[in-house]
Amino acid sequence: MPSLYAVFEREIGLDSPDFFEVDEPWFEALAGESGLMRFFGQSPYEYFDEEAADGLSLGEVWFEAEGGLKAVETLLGRLEGDESGRARRAKEELGELRRLLEAAAKRVRFHLALDI
């Protein structure tokens, strides 16, 4: 299953764990509504062959960590009060992403990527 993870422009002293299986429609919808999904910046060549990537943006795109942090906090706010198993898991994993983005804030840019 694909996992979503953070990539940082340079070392921040923390590892980025895989933090969510992105093919779950429930999470994709929430992440899209919170603005988190707009932080994908991976080159399509990292997961498509050259023919499939034809016509797509070819370079990595970097974002300020503060923007990603705000999106994660919005998403965590949307999950507040939801104690279902999937929400608890998402809150734990998003908490890890928040920790990474807090460490990166004002120091380094980032983007989200897929590990397929």
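Note that the structure is predicted; figures quoted are calculated from it, not measured.
Taken from CG in Leu79 to CG in Leu30, the straight-line distance is 5.5 Å, to the nearest 0.5 Å. The CZ atom of Phe8 sits 13.0 Å away from the CZ atom of Arg109 when rounded to the nearest 0.5 Å. Rounded to the nearest 0.5 Å, atoms CZ (Phe39) and CG (Leu69) are 9.5 Å apart. Atom CD of Glu9 is separated from atom CZ of Phe63 by 12.0 Å, given to the nearest 0.5 angstrom. Glu11 contributes atom CD, which lies 9.5 Å from atom CZ of Arg107 (distance to the nearest 0.5 angstrom).
Using a 30° and 60° split on the angle between ring planes, Trp62 and His111 fall in the tilted class, from 30° to 60°.
The side chain to side chain contact (heavy atoms under 4.5 Å, CB included) check on Glu92 picks up nothing, with sequence neighbours excluded. Listed by chain and residue number, nothing satisfies the side-chain hydrogen bond (donor to acceptor under 3.5 Å, both in side chains) test with Arg98 (two or more places apart in sequence, or in another chain).
When all heavy atoms of Ala31 and Ser34 are compared, the closest pair comes out as O-OG, 3.0 Å. In terms of heavy atoms, Phe110 sits closest to Glu64 at CE2-O, 3.5 Å. Listed here is the closest heavy atom pair of Leu75 and Leu36: CD2-CD2, 3.9 Å. When all heavy atoms of Ala6 and Leu97 are compared, the closest pair comes out as CB-CD1, 3.8 Å. Here the closest non-hydrogen pair linking Gly35 and Ala71 is C-CB, 4.0 Å.
Using a cut-off of 4.0 Å between Lys/Arg side-chain N and Asp/Glu carboxylate O, Arg99 and Glu96 are scored as salt-bridged.
Contacts classified as salt bridge (Lys or Arg N to Asp or Glu O under 4.0 Å) and involving residues 73-85 (residues at least two apart or in different chains) are given here: Glu33-Arg78, Glu83-Lys91.
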